[in-house]
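For reference, positions follow the sequence shown, starting with 1. Atoms considered below: every heavy atom in the structure, side chains included; atoms not considered: hydrogens, waters and symmetry mates. Whatever order the structure lists ligands and atoms in, that order sets their numbers, starting from 1.
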Amino acid sequence: MDPTPVHSCILIGHPIGHSLSPIIHNAAYAALGIEWHYGLMDVLEHDLDAVLAGIDGQRVVGANVTIPYKQAVFERVDERSPTAEAVGAVNTVFRRAGRLVGENTDVAGFLSPLLDVRSDWTRARAVILGAGGAARAVAHALTRELGLAQVMVSARREATARAIPDVTVVPWDKREAACLEADLVVNTTPVGMASNQHASPLRDTYIFRSGQTLYDLIYAPETTRLMASAAAAGAHVIGGLPMLVGQAAAAFQIWTGKEMPIDAVKKALRDHGVSGGSS
Ligand code: NAP
């Protein structure tokens, strides 16, 4: 018998060696008895078209897309979901009636742990640090899905913040003052990642307070310096792992038509030395 699974899903990016997505998806397939495989595909830009053409909806059912190709794939799909269209980036692709469709599940993944904190955010004010692809998904979630009273964006290159619709742009040098006014602070910069874990996107003069929520999209390390300082000040803290699991669950549902078995996924992450996606 051929042990190679007939169906697979892939993660397209460069570089992608550190990704937790294979652990998440393969644990979910195993728990449901689905004989699929999720693999990593480190793709160079000149191979992107060929890789996308290989997503036939049969053998290769679909793909997730990560840095640096979320915008490039957005340009290349045949159709985009309304969410992907609004965000301007694609992180999930699949075939529908032969056409390659682009979706953005980062929005759903970002929202789910935030809705566990409170269901109504309409009176809240938020600051988003950074203005890259993840910031665009976060801004869409906060302005369009949750309808916050005010969403501010602060980025070291102000022009990138200005390109995000429906937000107030705050100069990078004034980000701490903006955070003082905010109920929610979201870090979408990579500052504080494992490669630079002693760094923080906010200067030490900024002290969080109870009643504030800090949401750091970084998931490695699990506790960033920013998260530790917010927790020490009594703020509510959400790390990047619940979003990672949430965006994976939304992609899994698209490809398999089934709900991701989250408990099995959390166990697999714990077995891998990661605390399992709890908020
Ligand atoms: P991106 O498109 O490269 O954007 C990164 C943003 O951070 C840009 O505004 C960039 O500014 C800014 N930045 C980078 N280095 C900085 C520094 N030293 N100081 C100040 N600002 C800096 O990346 P992305 O796709 O948005 O991802 C950003 C982060 O979110 C990554 O850590 C990624 O792992 C994380 N993420 C997590 C999830 C999850 O599921 N948890 C999902 C998506 C992304 P410039 O334009 O000036 O470089």
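The closest side-chain heavy-atom distance from Leu20 to Leu241 is below 4.5 Å. Proximity of Leu202 to Cys179: side-chain heavy atoms (C-beta onward) are separated by under 4.5 Å at one or more points. Looking at heavy atoms from C-beta onward, Ile34 lies in side-chain contact with Phe252 at the 4.5 angstrom threshold. By the 4.5 Å heavy-atom criterion applied to side chains, Val6 and Glu35 are not counted as neighbours.
Looking at Met243 against ligand 1, both its backbone and its side chain come within 4.0 Å, counting heavy atoms.
Closer than 4.0 Å to atom 3 (O) of ligand 1 lies none of the heavy atoms of the protein. Atom 22 (C) of ligand 1 is flagged as protein-proximal [any protein heavy atom, distance under 4.0 Å]. For atom 18 (N) of ligand 1, the nearest protein heavy atom lies under 4.0 Å away.
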Criterion side-chain contact (heavy atoms from CB on, under 4.5 Å) on Arg76 and Val90, from CA distance to verdict: CA-CA 10 Å; Arg76 285 168 163 84; Val90 159; over 6 Å; no

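Below 4.0 Å from some heavy atom of Trp172 lie the following atoms of ligand 1, by number and element: 20 (C). Of all atoms in ligand 1, numbered sequentially from 1 with element shown, those under 4.0 Å from a heavy atom of Met193 are 32 (O). Below 4.0 Å from some heavy atom of Gly130 lie the following atoms of ligand 1, by number and element: 9 (O). In the vicinity of Arg157, heavy-atom distances shorter than 4.0 Å reach the ligand 1 atoms 45 (P), 46 (O), 47 (O). Residue-ligand proximity, Val191 to ligand 1, at heavy-atom distances under 4.0 Å covers atoms 16 (C), 17 (C), 18 (N), 19 (N).
Between Ala134, Ala131, Ala137, it is Ala134 that holds the heavy atom closest to atom 24 (P) of ligand 1. The heavy atom nearest to atom 29 (C) of ligand 1, out of those in Val153, Thr105, Thr188, Asn187, is found in Thr188. Around atom 30 (O) of ligand 1, the closest heavy atom drawn from Ile67, Asn196, Leu241, Leu217 belongs to Leu217. When Gly132, Ala194, Gly239, Gly109 are ranked by how near their heavy atoms come to atom 8 (C) of ligand 1, first place goes to Gly132.
Under the 30°/60° scheme for interplanar angles, the aromatic rings of His25 and Tyr38 are found to lie parallel. Taking the six-membered ring where tryptophan is involved, the planes of Phe110 and Tyr215 are essentially parallel, since the angle between them stays under 30° and well short of 60°.
A salt bridge links Arg225 to Asp204: at least one charged side-chain nitrogen sits closer than 4.0 Å to a carboxylate oxygen. Taking 4.0 Å as the cut-off between side-chain N and carboxylate O, Asp183 and Arg123 do not count as a salt-bridged pair. For Asp263 and Lys267, the salt-bridge test fails: no basic side-chain N is under 4.0 Å from an acidic carboxylate O.
Residues Val151 and Leu217 fall within the same hydrophobic cluster, defined by Ile, Leu, Val, Met, Phe, Trp and Tyr side chains chained together at heavy-atom separations under 4.5 Å.
Close N/O approach between Thr160 and ligand 1 is not found [any backbone or side-chain N/O within under 3.5 Å]. The distance criterion of under 3.5 Å between nitrogen or oxygen atoms is met by Leu244 with respect to ligand 1. Of the polar atoms of Tyr219, none of the N or O atoms is found under 3.5 Å from an N or O of ligand 1, judged by distance alone. Considering backbone and side-chain atoms alike, Gly133 places an N or O below 3.5 Å from some N or O of ligand 1. Taking any N or O of Gly240, backbone or side chain, at least one lies under 3.5 Å from an N or O belonging to ligand 1.
In Glu85, the CD atom is crowded: over 12 heavy atoms of neighbouring residues, nucleotides or ligands sit closer than 6.0 Å. Heavy-atom neighbours of Arg144 CZ from other residues, nucleotides or ligands within 6.0 Å: at or below the threshold of 12.
Among all protein heavy atoms, the one lying closest to atom 13 (N) of ligand 1 is Pro190 CD, 3.7 Å. In this structure, atom 11 (O) of ligand 1 lies nearest to the protein heavy atom Arg156 NE, 3.6 Å. Nearest protein heavy-atom neighbour of atom 43 (C) of ligand 1: Lys70 NZ, 3.9 Å.
Judged by the shortest distance from any of its heavy atoms, Pro201 lies outside the 4.0 Å radius around the atoms of ligand 1.
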